[in-house]
Amino acid sequence: MQVLVGEPYAKVTFATEEGNLEIDQRIQNISTNDLDFDILSIETSRDLGADDAPTFTIVLVFKEFWFNQIHGNDLVTIELGRGSNKKPVFFGMVDTIYKTWSYVDLQPKRTITVAGRGFNKALVQFGIGAIQELDVGYSIAGFFEGQSAGFGQCTPASAIETVLKYYMDKGIDMGFANGKRWKDYVQTIYEENPDDKDESLGNVMDYYSYQGGLWDYIKELRNAPFYEAFWEVVNDKPTFIVRPTPFNPDRWKELPIVQLDELELVNAQTGRSDLETYTVYSVKGESIVSSLDMVFGTPLWYRPYYKRYGLRRLEVVSKYISLSAIAEAQGRMESMGAGGMMPGGGMVPGGAPAGDGSGEGGGFAPNGGGSGQLGFPTAPGASCTSPFGWRIHPIQKTRKFHSGVDLGATSGTPVYAAESGTVKNIRYDNARGNYIDIQHNNGLLTRYQHLIRKPNFKIGATVQRGQQIANVGSTGMSTGAHLHFEVHVNGKAVDPAPYIGIGSKKKKKGGKGDGGIPIGVPIRSIKWEVNEKKQTSAEKKLDEGRKVFDEQTRAMTEEKIKSYEKELKSKRDEKIAAFSKDATVTNLLSKEALEKHLKEKNAKIKALEDADEKSVKEYADKLRAENGVSQDSVNAVGEGGVSKKTIDLFNWNIKNNIMENGTVTVRGNALYQIGTRLLMPSSQIEYYVENVSHHFIWSEGWTTDLAVTRGLPLGERFKKPWNEYELITSDDLYEISGIQPTMQQMPTDSGDGSGSGSSGGGANAMPLTPTNDPTGFRKKLKTCALKRTGQPYSNALRMDPSDSHSDCSSLVYKSVMDALGRNWRGTSAPGTRNGQMQCSLWYEVPMSQAKPWDIVWRPGHTEFITDEGGTFGAHSGSEPAAKRKNFNPSRWQKCYRVCVLPKG
């Protein structure tokens with residue numbers, strides 16, 4: 001038996017308003033009736049998943065001058081150690097201090113309790129947010145100048161770094177009596193996932209309108225569970241860490257690991273639970289565009305879990321979306337001529353809000369076009385639908401600043417360079433959509449936004465005045481096709497109107513009325529230096545030859561890789577079977593010989609698996625390189641059309657029911673940190689440390705509690721069922737339900753539209769499910785829809801605010817919005833192409849359960865079902881909105897019900 005003897009040591013330092021106060025204490029191993037020591041106990045806790053802050057509680061012997069000297073927000077440093085091994089385990093700030101009477105052996109004793117939080121307290125209690133009631137710059141830009149720059153293309157780490165750096169420099173200003181300030185202590189570590197380099201926030205408007213604490217804001221930017229944000233003590237300093245969650249083998253192996261000396265073990269309580277076991281895994285995107293919430297592809301599932309857990313689903317929302325995925329999705333929407341955009345009213349990153357509508361912002365007609373010093377940037381005659389300057393935002397209905405002019409034009413209209421220059425930037429973000437910046441001489445820059453797709457130029461390429469550079473679109477925060485055009489002089493947005501020869505909306509101070517030049521804009525002093533250098537044919541060919549991701553090629557490549565992996569597995573299984581083909585021999589072995597045989601067998605199997613894994617990787621890298629499929633495209637989209645994020649979610653949780661979790665108590669040691677690995681030598685179980693709590697008691701000693709999760713045998717973490725996901729399909733649902741798609745007999749449509757009677761008449765009409773209307777919503781929806789009877793048909797993507805005409809989808813959308821009491825003006829309806837009818841207003845129900853004033857859809861068309869068993873909607877250019885007699889389900893593919901109505 002071994003007995004470990006140590007003498008734990010504790011020291012607490014307060015930086016108070018009156019100077020430093022140091023209190024230290026060694027463990028007392030003698031009995032006394034007097035409290036002749038200072039520190040009675042210390043409790044600290046740091047947690048990886050905590051939504052607030054690390055915490056501490058210190059109990060001291062009562063001394064009047066201590067109680068009077070310690071105050072809220074005083075700096076606290078807690079050191080713990082044993083022997084000569086001492087180090088800080090906690091940095092914090094005081095929340096509360098109170099004195100307590102207690103009785104020990106019937107004798108009254110007095111103590112002081114000091115409680116507080118870690119350095120994160122400064123972020124928790126620091127309130128931020130735009131003051132929307134004031135018309136000043138920062139209420140437009142959000143919280144601070146430059147914040148928008150972090151909301152273009154960014155990862156969670158870079159977005160948080162942008163925000164925290166600003167507030168550490170200009171916002172949080174806490175000083176302590178030792179002469180140091182809050183930011184003097186804090187250090188930061190930011191790590192990024194290379195797979196996220198093409199992402200940006202899906203809906204920046206939630207962040208621009210945010211009101212609350214800085215820490216809550218940072219948690220929103222963190223994008224859990226894909227990133228972790230926590231505080232630790234690194235190199236004896238309080239450290240804020242933002243990093244990707246260690247989903248994959250490489251990141252997991254990079255984590256520091258501590259092998260526990262089991263002589264240090266005090267107590268361990270670990271076990272397994274299947275309460276967080278899931279069969280289906282799904283990631284959705286947070287976006288103001290309803291059709292973009294599915295950019296992360298099809299859900300994954302693990303079929304073997306179905307019989308035990310059913311279709312138990314884990315769904316998370318990613319606040320960041322791949323820019324390329326958005327661009328591709330919106331490009332497809334544009335090419336199909338469909339809507340699908342929901343209202344945004346966007347903020348222009350790096351400046352004032354865009355808020356582009358298509359004419360409701362106080363539009364005016366141009367007096368010319370192209371007669372200014374710059375060339376006109378799109379087709380001659382394009383009207384200016386919203387000028388530069390303050391306006392009532394067409395969507396948000398609040399006073400906002402518009403940093404350019406909107407030129408109305410149909411989708412696909414050419415966009416021209418307003419002057420010769422050099423391409424400075426080509427990007428996509430959620431506000432501007434696809435856009436290009438062209439740098440000219442004398443500090444002048446022009447910007448072209450909401451383009452149908454990214455312009456095909458290299459950064460640094462030369463363009464000529466009048467050269468077509470793009471096409472008008474409606475990408476980003478836009479309610480209809482138009483060109484948003486900006487002019488910047490020395491980095492500041494100025495009114496483009498006089499530059500391109502269109503009239504100003506109103507006279508400007510010091511100007512000349514319409515067409516006048518605003519004060520401070522050095523337009524007359526600009527001397528244009530035309531760069532005649534043109535792209536060579538080789539440069540043009542190189543530009544044109546830039547690889548664009550080809551889904552078919554990628555799918556074929558990944559299928560070949562999977563086939564190769566299966567082939568290797570088949571051969572490996574044959575070799576494994578050969579290792580133990582003679583079972584009678586192993587039965588005759590002694591226990592020691594059998595253990596040796598099994599050990600050798602397992603070593604051979606592992607060697608085969610490792611060799612095959614290496615071979616598959618080499619084959620995959622070679623094949624992808626030959627076919628021009630980048631690893632970035634595989635990471636973004638995933639194999640088989642699913643995103644890497646969904647795969648990560650699957651792999652991180654698929655072993656939840658077999659992983660061990662619990663608490664391990666050890667002799668006090670400052671070595672342990674959250675976000676690291678712990679290895680138990682006897683069991684060879686490897687854990688993830690999520691919480692570290694220190695407990696120091698004057699009469700007992702010092703122990704450390706480790707909350708551990710994700711415990712698996714060393715080397716087993718990245719084996720089956722890890723990465724054994726499948727895409728769940730409709731065939732899978734048919735298989736597990738026993739329902740066959742051909743079992744429902746649908747009537748055929750005669751095509752003559754005839755029929756009569758209350759049920760719709762005719763042999764082809766389907767009897768509707770009986771229904772009542774306890775809330776009266778169906779009746780309200782009916783009224784809102786039928787009031788549009790006789791409206792002319794129009795397929796304009798953006799809806800007429802006068803409500804004088806509708807196409808099929810806008811009639812349905814406007815009627816539902818009216819019934820819900822919501823404003824649809826300035827927005828766009830979901831499109832009727834495949835997948836675009838999905839939105840947050842309604843959900844899908846089986847066609848066999850269709851009820852009056854449900855919505856039916858087929859590609860290209862949608863209508864309501866009426867009480868009479870017919871349909872109602874907008875039909876074509878020659879037919880105004882009206883009822884039709886027959887509702888025939890065979891003519892429709894899906895049925896939707898407004899979300900406020902029950903499923904039954």
Side-chain angles (χ1 to χ4, degrees), residues 290-291 339-343 758-760 765-795 798-832 836-858 860-875 879-889 891-904:
S290 60
S291 58
M341 297 291 183
M342 296 299 288
S758 61
S759 64
M766 184 182 102
L768 296 177
T769 302
T771 184
N772 54 24
D773 189 21
T775 65
F777 182 84
R778 291 182 188 274
K779 182 178 180 181
K780 186 175 182 180
L781 180 57
K782 171 184 176 180
T783 301
C784 293
L786 293 181
K787 75 178 184 180
R788 294 181 168 86
T789 300
Q791 274 193 358
Y793 183 92
S794 171
N795 62 358
R798 188 173 161 280
M799 289 172 289
D800 175 22
S802 67
D803 197 17
S804 60
H805 54 262
S806 302
D807 66 359
C808 62
S809 60
S810 63
L811 186 145
V812 168
Y813 173 74
K814 289 189 291 187
S815 301
V816 170
M817 292 284 277
D818 283 349
L820 293 171
R822 294 167 61 178
N823 181 23
W824 51 263
R825 287 170 173 80
T827 71
S828 296
T832 55
Q836 292 185 9
M837 274 294 286
Q838 296 175 350
C839 79
S840 59
L841 295 176
W842 44 71
Y843 61 94
E844 186 176 350
V845 296
M847 192 70 71
S848 60
Q849 297 178 15
K851 295 182 179 182
W853 301 103
D854 284 346
I855 303 160
V856 286
W857 168 88
R858 62 174 179 260
H861 191 55
T862 184
E863 293 186 32
F864 287 107
I865 303 172
T866 64
D867 299 292
E868 298 84 6
T871 61
F872 173 80
H875 303 297
E879 184 179 358
K883 289 184 179 180
R884 284 182 172 170
K885 293 183 178 180
N886 242 9
F887 164 51
N888 189 338
R891 300 185 63 191
W892 303 96
Q893 287 191 11
K894 293 187 178 182
C895 180
Y896 297 96
R897 183 165 297 157
V898 180
C899 288
V900 297
L901 294 172
K903 293 185 178 181

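Predicted, not measured: the structure shown is a model, and the values here were computed from it. The first residue in the sequence is number 1, and the count goes up from there.
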Next on the checklist: Measuring from atom CD1 of I855 to atom CH2 of W842, what distance do you get when rounded to the nearest 0.5 angstrom?
Outcome noted: 4.5 Å

Item to check | Close side-chain approach of R788 and Q791, heavy atoms under 4.5 Å | outcome: yes

Item to check | Reported OG-to-NE2 distance for the pair S809 and H861, which is rounded to 0.5 angstrom | outcome: 10.0 Å

Checklist outcome for this item: When rounded to the nearest 0.5 Å, the distance separating CZ of R858 from CD of Q893 is 9.5 Å

Checklist entry - Looking at CH2 of W824 and OG of S815, how far apart are the two atoms once the value is rounded to the nearest 0.5 Å? => result 9.5 Å

Checklist outcome for this item: In short, L811 meets A881 closest at the heavy-atom pair CD1-CB, 3.7 Å

Item to check | Test side chain to side chain contact (heavy atoms under 4.5 Å, CB included) applied to S806 and K814, step by step | outcome: CA-CA 9 Å; S806 302; K814 289 189 291 187; 2.8 Å; yes

Checklist entry - Can you list the steps and then say if L841 with L820 is a side chain to side chain contact (heavy atoms under 4.5 Å, CB included)? => result CA-CA 9 Å; L841 295 176; L820 293 171; 3.9 Å; yes

Item to check | Ion pair R778/D854, N-O distance below 4.0 Å | outcome: yes

Item to check | Check: T871 side chain, F887 main-chain N or O, donor-acceptor pair, under 3.5 Å | outcome: no

Next on the checklist: For V856 and I865: C-alpha separation, side-chain torsions, deciding distance, then whether side chain to side chain contact (heavy atoms under 4.5 Å, CB included) applies.
Outcome noted: CA-CA 7 Å; V856 286; I865 303 172; 3.6 Å; yes

Checklist outcome for this item: Tightest non-hydrogen contact, residues P880 and G790, listed as CB-O, 3.4 Å

Next on the checklist: Please give me the minimum heavy-atom distance between W853 and A785, naming the atom from each residue.
Outcome noted: CZ3-CB, 3.8 Å

Checklist outcome for this item: All heavy atoms of C895 vs all of A850, minimum pair found to be SG-CB, 4.0 Å

Checklist entry - Going by the angle between their ring planes, with limits at 30° and 60°, are W857 and Y896 parallel, tilted or perpendicular? => result perpendicular

Next on the checklist: The criterion is side-chain contact (heavy atoms from CB on, under 4.5 Å); which residues satisfy it with K883, sequence neighbours excluded?
Outcome noted: L786, T866, E868, F872

Checklist entry - Under 4.5 Å between any side-chain heavy atoms of L781 and F864, yes or no? => result yes

Item to check | Residues that R884 engages under side-chain hydrogen bond (donor to acceptor under 3.5 Å, both in side chains), provided they are two or more places apart | outcome: E879

Item to check | Check against side chain to side chain contact (heavy atoms under 4.5 Å, CB included), V845 and K851 | outcome: CA-CA 10 Å; V845 296; K851 295 182 179 182; over 6 Å; no

Item to check | Minimum side-chain heavy-atom gap K782-D867 below 4.5 Å | outcome: yes

Checklist entry - Is the shortest distance from a Lys or Arg side-chain nitrogen in K780 or D818 to a carboxylate oxygen in the other one below 4.0 Å? => result no

